[in-house]
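In what follows, a single structure is set out as structure tokens and then discussed.
Note on naming: letters A, B, ... go to the chains in the order of the sequence lines (proteins, then strands), and numbering restarts at 1 for each one.
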Amino acid sequence: MAVLPPMPKLWYRETKPHKFCPGCGHPLVLKALAYAIEELGIEDRTIFGCDIGCSLLAWDFFNLDTVQTHHGRTTPVMVGIKRARPELICIAYMGDGGGYAIGSQHLVNAAVRNENIMVVLANNTVYAMTGGQMAPTTLPNQKTETTPYGRDPEKTGNPTLGPEMVAAITPDTAYVARGTVAKLGQLKSFFKKGLQRQIEGKGFSFIEVLSGCPTNWRTNAEETWNFLENEMTRYFKVGEFKVPGQVKEDKNE
Amino acid sequence: MAVLPPMPKLWYRETKPHKFCPGCGHPLVLKALAYAIEELGIEDRTIFGCDIGCSLLAWDFFNLDTVQTHHGRTTPVMVGIKRARPELICIAYMGDGGGYAIGSQHLVNAAVRNENIMVVLANNTVYAMTGGQMAPTTLPNQKTETTPYGRDPEKTGNPTLGPEMVAAITPDTAYVARGTVAKLGQLKSFFKKGLQRQIEGKGFSFIEVLSGCPTNWRTNAEETWNFLENEMTRYFKVGEFKVPGQVKEDKNE
Amino acid sequence: MTTAYKVITKIDGKGVFHLFPELCKGCGLCMEKCPVKTIGWAKELGVFGTPVVEPGHGEPCIACKTCEMVCPDCAILIERRKDEKAD
Amino acid sequence: MTTAYKVITKIDGKGVFHLFPELCKGCGLCMEKCPVKTIGWAKELGVFGTPVVEPGHGEPCIACKTCEMVCPDCAILIERRKDEKAD
Amino acid sequence: MSKGAKIVIAGEGGQGVQTIANMLSEAAYEEGREALYIPNFGVEQRGGVSVAYIQISDEPIGSPKFKDADVAVALSKRSIRRIAKYCDKETIFLYEGEITDAEGEFPEECREIIKVPAIKIAKELFHPKVFNVIIMGFIIGLTNVVSVDTVKKIINSQLEYKFEKNPELREMNHKALEKGVELALNR
Amino acid sequence: MSKGAKIVIAGEGGQGVQTIANMLSEAAYEEGREALYIPNFGVEQRGGVSVAYIQISDEPIGSPKFKDADVAVALSKRSIRRIAKYCDKETIFLYEGEITDAEGEFPEECREIIKVPAIKIAKELFHPKVFNVIIMGFIIGLTNVVSVDTVKKIINSQLEYKFEKNPELREMNHKALEKGVELALNR
Amino acid sequence: MAEKNLEPIIKERRVFITGNEAVAWAGVAARADIMYGYPITPQNEIMHYWTRLAPKYGKGFLQTEDEISAGFATVGGVLAGKRAFTATSGPGNILMQDSMSMAEMMRIPTVMIITQRGGPSTATVIYSQQETTLTCFGGNGEGIRIVYSTASHQELFDYTIKAFNTAWKYRFPTFVLGDGYQSKMRESLTIYDPVERGIELVPAEPFLGKGGVAGLDRPPVHLRNTYNMEDELYEVVRELVDAYNAVAHEIVEYREMETEDAEILIVAHGIVSRAAEGAVARLRKDGYKVGSFRPITLRPFPAEQLRKCADRAEKMLVVESAEGQLKKLVTDAIYGSTTPIETLFRPGESITVEEIISAVKGL
Amino acid sequence: MAEKNLEPIIKERRVFITGNEAVAWAGVAARADIMYGYPITPQNEIMHYWTRLAPKYGKGFLQTEDEISAGFATVGGVLAGKRAFTATSGPGNILMQDSMSMAEMMRIPTVMIITQRGGPSTATVIYSQQETTLTCFGGNGEGIRIVYSTASHQELFDYTIKAFNTAWKYRFPTFVLGDGYQSKMRESLTIYDPVERGIELVPAEPFLGKGGVAGLDRPPVHLRNTYNMEDELYEVVRELVDAYNAVAHEIVEYREMETEDAEILIVAHGIVSRAAEGAVARLRKDGYKVGSFRPITLRPFPAEQLRKCADRAEKMLVVESAEGQLKKLVTDAIYGSTTPIETLFRPGESITVEEIISAVKGL
Ligand SMILES: Cc1ncc(C[n+]2csc(CCOP(=O)(O)OP(=O)(O)O)c2C)c(N)n1
Ligand SMILES: Cc1ncc(C[n+]2csc(CCOP(=O)(O)OP(=O)(O)O)c2C)c(N)n1
Ligand code: SF4
Ligand code: SF4
Ligand code: SF4
Ligand code: SF4
Ligand code: SF4
Ligand code: SF4
Ligand SMILES: [Mg+2]
Ligand SMILES: [Mg+2]
């Protein structure tokens, strides 16, 4: 038997090597996601939607019916699909720019309405596809193409804390977590929990993933891991923010 | 001396009686706001911006330079003004539809960036100007023109909790509160605190106000007060959510 | 900028109840909030052709000014009848 | 749908290190994560014309499969040399 | 004028302008005529003058609005100005009898200006609320554009829910309608 | 061909295509000529073939892209296909000497096809990294479109920061450039 | 899609309703499955009626957070294989152009009802024909779409049904253009079940989620609207344009009145064409040789048909409640014709029979 | 706005830079105060250079959450009396139309740079002329705006400066149209300080926050874009259109080449006009009587000027990297002319001198 690359079955081989840069975090997210879907056995009814941003490079990534949408608009497209055909499992995949900036109204309102879809957001602290501008998640003092002297929180605020925000506005049945490509096993389990919610018709799940962008960070492998595991985690706590059943916050009513 | 109506000095008399319906909450919000501005003595540099929604009826309401913008776009217009002329005090006035639905990306991102403006949002649980459709704040089971059989939280989620959300994403220097037209004195004090933040250059303030819409609620005066004071407050807690200095939540770093 | 307003003045309890019919839209919010329920419909018509309000329909006015405060149209001005302080 | 892939197989410590040069983009992520630092640059070139990786640059491989997991391109397959269970 | 009519009615919100406009057009539709009724609307939910444009015809109807009303009706003083522009020298202009000091606002040219004391008569004979039905009757008497019977049928079906609670109302409305027609015929 | 030239260069990201394209065009600008350089770009940040279009002329330059390159240069195998369409019968087609088995991809018609063993020579005489400079020299030798001296000046100013750290690099780059010119002249 | 149930979905009957109500009923009649929408005057009552009808007919509705979302959710619904539609106006129409550009690029058969209001900007909620250019060519594209401009409640009903058929048959985004008057006014029309009348309903089919395991039973569907190279894109757009042009002649619709011997040709669309036809009728009585031409499809435009009438006439009068938006369609369609064009432009305001008559008399 | 400081803000010099860099420098030269923007290829480097230049020249920058916000924030900046501008492309251009419609309605002198990319939809990030219609007529309005279509880096620089002057002088939203090639390519141009060259900079003035206490020292400023009645709106739009038409002749710009005796007239705008002019030069050498006409302002369009040339020619060839967007401007401008129009449309793709030559030869 020929030795074959250890690719998830769900990865569409005809398009591999994929289009992401060397060392990119996106394919790692998509690896964990593939395993989660395979383990749940929902390949036959899962629809994948990707945003504009480097996530668009995943438009032909999976053995899944896939639609590449517009910058920030993957959430409404997937909501539209889900509302039309609730039997489909819908996953919206986007970057931090797509989810927290231009598409934030969709994220917030899909969360509030408890839409029965899963949103996966790759947080790489920059607008990667457009060449490394400031994103809502850019760290204080981080240099980007539009903060050439470092992001000044006095002028542009602190990084957006997405899962924290979504947890604050979703009902108890929702699932909200932040994973990282540095912990793929954990990430897979987060995805499975989120998808499980959807399978059960229990509503919205949101998983942010800390993800590397060596190209725009201009980092080598060591620096990439360091930024991911040490710099980013100082602001972005990895873990679960809302697990159905485990109610943390006090609630009105 | 002729007896004169007890109007705030800041109300522009040429346009009174104003254009709001009998019993509307908007003018009560604008009464408290007027007193707050007068008491702070910032009439000479305050710019008022109103949204499309019944708030647009305030386009000629005040003795203040005023701009009526687009539905949901008052926040960015006021941010644009403030960034261009930081010496001006900028107040963005909008409804729950304008702020939590179509303009939610602006609200969220202005909050995260800690823009040095004040956003005032009148929550009347409906899209009033367009004739009473469901708003993000419509109460469970509340009948509206687009939820003719009552809002079903299973299908469209629970009411948006705006100040709770904004408190979750703003820095400690921000001011976040929810007032009600049923407590005008308290409301005025919330406005003053928010404006004080801005005067000091300390950043974003957000005040949601529970506000009546007898026209679309189809309520008489008694029912209006009852809905405002009893129904709405079951979901929407009146009070301060973020007062600089009084840190409540645990924070990352 | 001082425009002259028509005013209907009625005295009740401790209060001098000034009502500006060109402003009153007859919403009734004041009525509901009056602690002594003295406010009721008058026969005069307001700006929208609907009845305005007047005191004298319940216990005497205590000049608490609640009605003045809650009127969305600033159509009521309350003065204390005696030389008590107004606030 | 099974495409044949070129493979470079090298043995190191407990591991059989299969590297697929048509997939490896030479990012080095695997190298950094190897607990025994056995991964280093090879002289063979990968899909982008940059060097691929190989074992043998540090302590012997313990077949932990970390490199396999962290490779964004699924360019490494690790097999245990002995008849130990693979996972 | 029995063939068709263009009618514009204006008044304050709450005076029942749209109600009678709707009934008139619905009656014409019921009689198999072409009818088009368009309410005015603006950004405000309430306040402001309420205007209704009605066209009844035996031929397809063109633009929903028109500049040459056959009948123009003003129910309140400030509504006069809003409809004056729809009047030409063929227009019969009606105004409510309680409107005073408004001569300056009247349309510059029109065939006839008629004061209709509908509120007064309604108060005297029926109830102030049905003054708009008297006006409707007056319009019918004037134009003959729909039959009184059809309008009664429409009144019955549209106000059914009210009449159920209070059957005397039916009679009152029918009477008011007839009174209006009578006023027009005896003008 | 001294008057002007249309040059298209393609290779893998990292081979230095845009660097030499930029230098060539900047040199022409420096010499007071009209010059236009446009890099290709797509949605991907990396990966994919990197293409550069250069035009140097004494007259105003029209479209930034062209279909009739004077010189077309392929530095990697899969870049050949990307530039074949810019070749016509006047085009001189250059390809890097290490490319093998690519004959099928070559442009259908062109004036001349030349293999330039730049990588080999760079490895032997200098350092693999300067193979693109040899290519640049070859283009200059072929077209004479800018002077070697100007290009050296541009190399000096653009790589200043590198040369400061490692002064030998300057000499190496200059030599590589000259070697390229020489190769072209002796072809 | 064809009904098992032999009962007509709507009992054929004559009704006296508003245009918005007619559209909601037409949606039911067309077997639309789901509506996505965001409130905006004057289209609101389409949603109001739909939300009342939807549960009775087992249909879906989602009120989204804005028009951007409504447009993209509609795209999603269609991709999922459902007869999805939306409705909007004015500023909402602007915001939906982004999703409609996507639909244009990917040939997604969206259906959208536009009830024009005054412009530019928020302007008025009442009426205009100022969204003609926007609806025909909005977005960063080439207007590869179908636009029906309706003039009566009957047409609103008929063309809303037809829009679903056209969209699914040709796979171009399809628009039904109306206006605020039509939305709010009441006039009579006949509502009916198209199936009962023998009108075949073109079935909807899923683009995504076609069944089977993607990559196992069939190749996965991978849809995109982004390309890396300009020549790739050119091919795509060329194909789109060619496909569109190839079927345009099947799609064009128009209406002529007394054009045979018309010396003066009035051109108008939508509700203004009713005033134009009214004017023609009256002017003919007065002996004027006037005719009218009304494009029903604004995209594709009945160019050849208009050119014929135009060439016969001595003068044309383009009449619209906008500042030359129809005129641009006309001049582009019949360029080369030498019949002079006069105009009556009333941006944001209605145009009456009388005004057209006096404009014609003043020519 | 005039400088106290006698130092020129930019030392006049010849540079070899990208178009995006040229725009950023032009912003500085024009004394722009603040830029609001959202990333989109190919305009990104305008922001990149601006954020590097801004602190040095005491200028502001805000990266907003989307283009909707960037457009409306620009409106805000202008209302506050600052020379504010923004830049975008493609889908971003669609999203900014809402704010530009507001600017159109309220005569807010916004300045916006458009670097066209492929369409429809996300398409490509590279190049096109497919945003011509969108930029000229986007939104629910009548295109009451000024659009300069540039063809070189020098023009990008010159017209960006000019745009601020035009905008503030006439108070119409003003657009500088470029494309992705121009954004990314390098060619030479001269940058300079317009003040030093004696170009007067029209001062900006606040619409809001004019000083004094509103309602005490002066009436408050109350700005709106919403009206209650259609006749009110009609008056507003009429006034806008009239004001625009009255000054259009002062604004129009165009460029002719060899049109005097041209039998064939090539019409092209933007960077394609360079290929057109190149083709004319070469064809003339071969004895072809060819000329070219290039509208520099697409809004207002140099209609009379083009008509003159068109009437002299035997044939016209409209050439554009879009499917007839320029052609529609042309046919509307010169309707009545009988010179036949042939076309060379390459939506989303560049057009070379050679292609134009062979198109002309094939006529
Ligand atoms: C409406 C619109 N605005 C802007 C863009 C340009 N754009 C494409 S990708 C992108 C940034 C993507 O950043 P993010 O969402 O963080 O994804 P990443 O590339 O970092 O994975 C932007 C702004 C666009 N395509 N459409
Ligand atoms: C882009 C756009 N979409 C929709 C509308 C229509 N619209 C006007 S007001 C309004 C609702 C306003 O509701 P809210 O913001 O809650 O204010 P309220 O009237 O309740 O005070 C809507 C949807 C619009 N003007 N513009
Ligand atoms: S630019 Fe960054 S995020 Fe995009 S593919 Fe490359 S590494 Fe990944
Ligand atoms: S509709 Fe409601 S919110 Fe609007 S003015 Fe009337 S009462 Fe106030
Ligand atoms: S002042 Fe107080 S007591 Fe007197 S009428 Fe008003 S609310 Fe009633
Ligand atoms: S609250 Fe004001 S407007 Fe309402 S009834 Fe009382 S006095 Fe009149
Ligand atoms: S399996 Fe583990 S020890 Fe072996 S090379 Fe990979 S990471 Fe290193
Ligand atoms: S992680 Fe994968 S792609 Fe990167 S160097 Fe290692 S094997 Fe190659
Ligand atoms: Mg990102
Ligand atoms: Mg509301």
Flag the pair [X] / [Y] as yes when at least one side-chain heavy-atom distance between them is below 4.5 Å, and no otherwise.
X      : Y      : value
G:E65  : A:R113 : yes
A:N63  : G:P220 : yes
A:R73  : G:I68  : yes
A:H106 : G:T64  : no

Report task. Quickly, which of G:L223, G:V221, G:I108 forms a side chain to side chain contact (heavy atoms under 4.5 Å, CB included) with A:V67? Name it, please. Result ->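 Single pass found, and it is G:L223.
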Report task. Taking all non-hydrogen atoms of both residues into account, name the closest pair between G:N225 and A:T69 and its distance. Result ->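 Heavy-atom minimum between the residues: ND2-O, 3.5 Å.
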**Report entry** Residue pair A:I47 / G:G209: nearest heavy atoms and the distance that separates them
**Finding:**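 Looking at all heavy atoms of both residues, the closest pair is CD1-N, 3.5 Å.
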Query raised in the report: If you count heavy-atom pairs under 4.5 Å between each of A:V77, A:D44, A:V79, A:V108 and chain G, which one has the most?
Result: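 Maximum pair count with chain G is reached by A:V77.
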Query raised in the report: Top residue by heavy-atom pair count (under 4.5 Å) with chain G, among A:D60, A:T15, A:N109?
Result: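 Greatest number of close heavy-atom pairs with chain G: A:D60.
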Query raised in the report: Between G:A70, G:G77, G:G212, which has the largest tally of heavy atom pairs under 4.5 Å with chain A?
Result: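 Sorted descending by pairs with chain A, the first entry is G:G77.
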Query raised in the report: Under the 3.5 angstrom rule, does the side chain of G:H222 hit a backbone N or O of A:A58 as a donor-acceptor pair?
Result: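 No.
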Segment of [X] engaging chain G (4.5 angstrom heavy-atom cut-off):
X     : result
A:F48 : neither
A:R83 : both
A:L56 : side chain
A:I52 : side chain

Query raised in the report: Side chain, backbone, both or neither: which part of G:T74 has a heavy atom under 4.5 Å from chain A?
Result: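 No part of it gets close to chain A.
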Query raised in the report: Would A:R85 and G:D33 pass as an ion pair if we require N to O under 4.0 Å?
Result: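 The answer is no: the pair does not qualify as a salt bridge.
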